[in-house]
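Numbers here are sequence positions counted from 1. Predicted model only: the values in this text are computed from it and were never measured.
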Amino acid sequence: MSLSIIIPALNEAENLAQTLAPLQAMRQRGVEVVLVDGGSADATKSIAAPLVDQVVPSAHGRARQMNAGAQHAKGSVLLFLHADSMAPDDADILIADAIARGAAWGRFDVHIHGQAHLLKVVAWMMNQRSRLSGIATGDQGLFMTRQAYAAVSGFPAQPLMEDIEICRRLKQVVSRRPACLSEKITTSGRRWEKHGVLRTILLMWQLRFRYWCGASPDDLYMAYYGK
């Protein structure tokens, strides 16, 4: 098994070195790290350059960027990691073990870093929900074999809920449930704390409900980002 870690980024200079630091030991073990830049105006690309194997330019949009990274990546297994998230030091070993046990895709548990105590509850709910439903979020570090990725034609070209949708499609084409690894990815709680934890919880529940009811991802994107 060969692993490629794909990181979509846009103006992430403030957090990127922290994200990339734990990946350097994995690079020494043969893991490829691909950063996909969506047109950053800050130092994202220059910070990333010595710490990754490829910096790939792409049109802005997380789904577009992750698909662009997958096209350039060489690995037989792909891990999609957010630019404000830190993977476990042995993520490559954990993924290899899950694949060896028959998993075609999966995710990690998540820990949300921040000051608000409610973030622990949010993370617990995310982890339990995905165990029950088989649906994960991008914050949990989705990984999949290249065959599974190809079987669903990659991430759907939509501006929001691309993680939810690819999980739905993977469940349709892969008979085995996703691997739910208990080891944690640490992700930033910045968006939760910026807008208020309870307010963000309610908004995300509302957006997911609307998505399940068939709402347009473009409309949901406008509701989420206020554009």
I'd like to know if the side chain of Gln172 pairs up with that of Arg169 as donor and acceptor (distance under 3.5 Å, no hydrogens or angles considered).
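No, no side-chain donor-acceptor contact under 3.5 Å.
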Are any side-chain N or O atoms of [X] and backbone N or O atoms of [Y], one a donor and one an acceptor, separated by less than 3.5 Å?
X: Thr145; Y: Val77; answer: no
X: Gln54; Y: His72; answer: yes
X: Gln65; Y: Ser58; answer: no
X: Ser76; Y: Ser2; answer: yes
X: Asp92; Y: Met26; answer: no
X: Arg129; Y: Ile135; answer: no
X: Arg107; Y: Thr137; answer: no

Given the rule that I, L, V, M, F, W and Y join up when any side-chain heavy atoms are under 4.5 Å apart, are Ile185 and Val31 in one cluster?
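Shared cluster, yes.
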Greater than 12 external heavy atoms within 6.0 Å of Lys171's NZ
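It does: Lys171 NZ has more than 12 such atoms within range.
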Considering residues, nucleotides and ligands other than Glu14, do more than 12 of their heavy atoms fall under 6.0 Å from its CD?
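Result for CD/Glu14: open.
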What distance do Glu165 atom CD and Leu170 atom CG have between them, rounded to the nearest 0.5 Å?
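These two atoms lie 10.0 Å from each other.
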Note, Ile95 side chain near Phe108 side chain (heavy atom, < 4.5 Å):
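Touching, per the 4.5 Å side-chain cut-off.
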Leu23 and Ile7, any side-chain heavy atoms less than 4.5 Å apart:
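Result yes, sub-4.5 Å side-chain heavy-atom pair found.
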